[in-house]
Each structure stands twice: as structure tokens, then as C-alpha cells.
Protein chains: 2
Amino acid sequence: MHHPDLSDQDYETLAAFRHALRRFAAFSESEAKARGLTPQQHQVLLAIKGTPGRPALSVGEIAAHLLVRHNSAVELIDRLADAGLVMRAPDPQDRRRMLVTLTGQAEHLLVALSAAHLRELRAIRPALLSLLRRL
Amino acid sequence: MHHPDLSDQDYETLAAFRHALRRFAAFSESEAKARGLTPQQHQVLLAIKGTPGRPALSVGEIAAHLLVRHNSAVELIDRLADAGLVMRAPDPQDRRRMLVTLTGQAEHLLVALSAAHLRELRAIRPALLSLLRRL
DNA sequence: CCTGTTATATCGTGATGCGACATAACGAGT
DNA sequence: ACTCGTTATGTCGCATCACGATATAACAGG
């Protein structure tokens, strides 16, 4: 299997792109932890809030959105429920499924978190666009 | 502390952006593991290769690039050295520092890995650009 | 030489996602 | 209505990985 030419520039761009992603992930983790959330717990809340026209997601849908196994999603949701950030209710249409909804407290957290993330993303957008252009 | 208005669109875009990043991370992890590397080991190799005009990086520089503590970098490098992918040599200018260089085997791995990553990034670039535009 | 600082290395620990397994509910076919 | 295969959620023990704490060695300035 032969691979096309890769210039030093290509490696440099790839490395810089990954570094930028890591910096964003570190920013996000710091913001989440400052509010008592693990990064993945934050992503659960965002996944629910960010699904348009749906007030709730099932455990499996959350797992699919986070790209984790369902049992990992269960544990995340357990801890969020303990913290009073989500509520579980059986889906009346399919009693196997548990629908997870945000509490008011979670909505509040998400306003602050999402505003901070939007600000950060707008700040780094030029750099990301420049890197993407270079690929 | 008051936060500016956030529309449902904002949350949707943020969630979609994070989902896209996770999908890329999953792709990258899959490619790395298929070649016997952990995702972080791949990032060590890429950091060295992607630093222009430098054939080697010190342990501390690698840690800074990966945003991990130096002791974590040491462990990553230990395993890469055991696998024959990097070599350590003390910096003659400063014998506290260990300079980490890639072996030919690592260079080979990186060609294939980086080509795959470039392909994937070019494939998802339109989606990423669209999401960034929406922020 | 001291002495404070920096760079790397070692070791034990805590968190997190996973595999394996279990239970319950659905639905198609008979 | 009953079986049977499938799907959804939940439980448990384990492996991995990054970290904090600590140790050692080498530098730099006085």
C-alpha cells in the first residue's frame, strides 16, 4: 500500500490542529470542573439541551451521542441524577426506555457554560479556520 | 452575573460541534489502535514529527504539547521506546534533558497514519466549516 | 562549593470507560 | 396468548491512564 506524499507542512498542520483541539478540550474541562461537572457530564447535559424539539433523550441516545457504551452512559446519568441535574422517567410509549430530562439547575449551568464556550470558540475560530484551510 | 441570550440554535450547534469532534477523535483512536498505538502515543509521535526544524523534542516539550504532566509524558515515552518507536538520548547541551527522536519504524507508521488523518479531515472539513460559521 | 531551580524518573492511587452478565419489556409470528 | 429473538437499561469487577507526591540528577548564579 503506497501513500501519497506528505510534506513537513502537513505534519506541522496536523500537529497544530490536534494541539488546538487539546487546548479547547482543556478549556472546556476547566469550565466544567469549575462548576462541579466532569467533562462527560457536561456533554450529557449539552446533548439533551442541543437536541432540537426534544425535551428528553433516552439512555441509549445519550450513549450514541457521546460515543460511549450504554453502561457508561448509565453511570454518567446516575451521578447527574444524584447531583439533581437530570431526572429519569420511563418512556410511556416504551417502558424499557428511560427518558432523561434536565432540571432547572442544569439549565442554569448550561447557560453559563455554553456562553463561555461560545466566547472561547469565537476566539479560536480564526485559528481553526486557518488550520482547516491548510489541510 | 448575567449571560447573553442563547438560542436553541446555539445549543444545537455546540452539541453538533462536540459530536463532530468526538467522531474525529474516535476515528483517530481507531486508526492508532489498528497500528498498535494508543491515541496518546500517536500524539507523541506526531508532536515530534510536526515540530519543524527539530529532529527531537525533550520530555518536557512533549508534555507541554500534549497538555499532560511531565510524568505522564515519561510513561508514554517509556512505552514507545519499548516498542522501538522512539529513542532517547541525553541532550549534550543540558544533560538533565532527554531528547526523544523517532525511529524509522515510527516514521513509517506516521506516514500511513497521517495520510489517513488528512483524508478524514478533508472529508469532514465542510461539516466543520459549516459548524464554525454557525457559531 | 552552596543553594535554589529545572528536568526527568519512580511509585502508588483514583477516576473512568469497558466487557460480561442480568433483567425487563417489546414485537413478530404462530 | 405464548414463545422467542431483539432491544433497552442496569450492575459489577477490572484494566487503563493520568495524576500527585516524591526522589534524583544536573544546571546557574553568587
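Atoms considered below: every heavy atom in the structure, side chains included; atoms not considered: hydrogens, waters and symmetry mates. Below, chains carry the letters A, B, ... as their sequence lines are ordered, and counting in each starts from 1.
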May I ask you to verify whether the side chain of [X] and the base of [N] hold a donor-acceptor pair under 3.5 Å?
X     : N      : answer
A:D78 : D:dG10 : no
B:R96 : C:dT8  : no
B:N71 : D:dG20 : yes

Which is true for A:D94 with a 4.0 Å heavy-atom rule: it touches a base, it touches only sugar-phosphate, or it touches nothing?
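The answer is sugar-phosphate, as A:D94 gets under 4.0 Å only of primed atoms, P, OP1 or OP2.
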
Output the rounded distance in Å from CG (A:L37) to P (C:dA15).
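To the nearest whole Å, that distance equals 16 Å.
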
Under 4.0 angstrom between [X] side-chain N/O and [N] OP1 or OP2:
X     : N      : result
B:Q40 : D:dC17 : no
A:R79 : C:dA15 : no
B:R69 : D:dA21 : no
A:R95 : C:dC26 : yes
A:S58 : D:dT9  : yes

Please compare B:T38 and A:E61 by the position of their nearest nucleotide in DNA chain D and report the one closer to 5'.
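On the 5' side of the pair lies A:E61.
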
Just say parallel, tilted or perpendicular for the rings of B:H42 and B:H117, cut-offs at 30° and 60°.
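Tilted: the ring planes of B:H42 and B:H117 meet at 30° to 60°.
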
Looking at every heavy atom in both B:A26 and A:L67, which two are closest together, and how far apart are they?
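Nearest pair, atom of B:A26 first, then A:L67: CB-CD1, 4.1 Å.
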
With nearest nucleotide decided by heavy atoms, which residue, A:K33 or A:H70, maps closer to the 5′ end of DNA chain C?
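Taking each residue's closest nucleotide, the earlier one in sequence belongs to A:K33.
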
Side chains of A:H65 and B:R22, donor plus acceptor under 3.5 Å
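Yes - a donor-acceptor pair under 3.5 Å links their side chains.
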
Out of curiosity, B:Q41 CD to B:I77 CD1, how far, rounded to the nearest 0.5 Å?
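Separation between the atoms: 10.5 Å.
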
